Amino acid sequence: MKLLFGLLSPAMEKSGFACGEAALDTYLQKLASQDMKRGFATVIVARTETDPKKIIGYYTLSAASVLLDNVPEEMARNMPRYPNIPAVRLGRLAVASGMQGQHIGSLLVLDALRRSCLNELAWALFLVDAKNERVAAFYEKFLFQRFADNTLHLWMHRKQAENLITQIPA
Ligand SMILES: CC(C)(COP(=O)(O)OP(=O)(O)OC[C@H]1O[C@@H](n2cnc3c(N)ncnc32)[C@H](O)[C@@H]1OP(=O)(O)O)[C@@H](O)C(=O)NCCC(=O)NCCS
């Protein structure tokens, strides 16, 4: 199954998307396009080559920042003393129910890392939010690490992301 990844566009079918989490379905159907227009999120969708109108998964990316005080001391030691660390946040991630467990979610995460690394925007940390422990465990497979003060928020250093995408070609 050849997958296509690209920006959400009006010609695509959003209405039938269902991932098992109503909030993530509603977001794609009602808010995603608005967020793109207003500069609050970039929405990237996955489709198959055989049915390119149908969305089978999506994620969102936004600029973010993390307080220097909130990162582990060993990492902060190697960073400039600015109060905030520039970051990218993968805020939402969803795969259509019938397509889950086929590594599409993993490919979406890798696509997000790849796009973020190839973009000229400067960032040092890649952030992900997990809604529960099972999703946090899914992110740990990529070696994301948990913040000590909120273990459902995880981070990866830019260098790690760059290494990961060179090991796994597109
Ligand atoms: C979470 C989600 C995006 C994962 O996508 P997916 O395509 O099903 O995941 P993958 O097939 O890439 O899974 C990769 C690995 O993570 C595991 N995994 C998949 N979904 C998982 C989940 N919800 N929790 C924990 N582990 C999970 C798989 O077992 C797989 O392990 P393996 O590589 O050892 O076989 C998808 O299940 C989903 O959309 N769920 C509903 C919405 C949701 O919870 N989104 C996250 C919001 S924070």
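Since the structure is predicted, the reported quantities are computational estimates derived from the model, not experimental observations. Counting convention: from 1, in listed order, for ligands and their atoms alike. The basis for the numbers below is simple: all heavy atoms, side chains too, and nothing from hydrogens, waters or symmetry mates.
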Ligand 1 to Asp129, heavy atom cutoff 4.0 Å, flagged ligand atoms 48 (S)
So, Glu162 and Lys159, do they make that salt bridge, N to O below 4.0 Å? yes
I need the atoms of ligand 1 closer than 4.0 Å to a non-hydrogen atom of Gly105, numbered in the order shown. 5 (O), 6 (P), 7 (O), 12 (O)
Closer than 4.0 Å and a protein heavy atom, does any atom meet both conditions relative to atom 2 (C) of ligand 1? no
Expected output: side-chain Glu13 to main-chain Lys54 donor-acceptor under 3.5 Å: no
Nearest non-hydrogen protein atom to atom 33 (O) of ligand 1, with distance, is His103 CE1, 3.2 Å
Give the residue and atom name of whichever protein heavy atom lies nearest to atom 40 (N) of ligand 1, and the separation in Å to one decimal. Gln100 NE2, 3.5 Å
In terms of relative ring orientation, are Tyr58 and Tyr27 parallel, tilted or perpendicular, with 30° and 60° separating the classes? parallel
Does atom CZ (Phe147) have a neighbourhood of more than 12 heavy atoms from anything else shown, all under 6.0 Å? yes
Which ligand 1 atoms, with their elements, are less than 4.0 angstrom from a heavy-atom of Glu21? 42 (C)
Considering only protein heavy atoms, which is closest to atom 39 (O) of ligand 1, and at what distance to one decimal place? Val95 N, 2.8 Å
Heavy atom of protein inside 4.0 Å of atom 29 (O) of ligand 1, strictly below: no
Could you pull out, from Ile104, Val109, Leu93, the option with a heavy atom nearest to atom 47 (C) of ligand 1? Leu93
Could you list which atoms of ligand 1 come closer than 4.0 Å to a heavy atom of Ser106? 10 (P), 12 (O), 13 (O), 14 (C)
I'd like to know if Ile165 and Leu61 are part of one continuous hydrophobic network [Ile/Leu/Val/Met/Phe/Trp/Tyr, side-chain heavy atoms within less than 4.5 Å]. yes
Identify the two heavy atoms, one from Met156 and one from Leu164, that lie closest to each other, and give their separation to 0.1 Å. CE-CD2, 4.0 Å
Determine, for Asp51 against Arg47, whether the closest basic-nitrogen to carboxylate-oxygen distance falls under 4.0 angstrom. no
Measure the distance from atom 44 (O) of ligand 1 to every protein heavy atom, then report the residue, atom name and distance (to 0.1 Å) of the closest one. Lys131 CE, 3.0 Å
Hphob cluster co-occupancy, Leu118 + Tyr59, side-chain heavy atoms under 4.5 angstrom: no
Per-atom contacts, ligand 1 versus Ala94 - under 4.0 Å to a heavy atom: 39 (O)
Considering heavy atoms of the protein only, find what lies nearest to atom 16 (O) of ligand 1 and give residue, atom and distance to 0.1 Å. Phe138 CD1, 3.2 Å
Would you mind listing which atoms of ligand 1 come within a distance below 4.0 Å of any non-hydrogen atom of Cys19? 41 (C), 42 (C)
Answer with yes or no whether the hydrophobic clustering places Leu8 together with Leu4; edges join I, L, V, M, F, W, Y residues whose side-chain heavy atoms lie under 4.5 Å apart. no
Got a protein heavy atom sitting under 4.0 Å from atom 25 (C) of ligand 1? yes
Leu121, Leu90: one ILVMFWY side-chain cluster at the under-4.5 Å cut-off? yes
Nearest non-hydrogen protein atom to atom 17 (C) of ligand 1, with distance, is Lys141 CE, 3.7 Å
Of all the non-hydrogen atoms in the protein, which one sits nearest to atom 22 (C) of ligand 1, and at what distance? Arg134 NH2, 3.8 Å
Relative to the ring of Phe142, is the ring of Tyr139 parallel (under 30°), tilted (30 to 60°) or perpendicular (over 60°)? tilted
Verify same cluster id: Phe40, Trp123 (apolar side-chain graph, 4.5 Å): no
Suppose I only count heavy atoms of Gly101 and a 4.0 Å limit; which atoms of ligand 1 are within that range? 6 (P), 7 (O), 8 (O), 11 (O)
For ligand 1, find out whether one of its N or O atoms is nearer than 3.5 Å to an N or O atom of Met99. no
Pull out every atom of ligand 1 sitting under 4.0 Å from any heavy atom of Gln102, numbered as shown with elements. 11 (O)
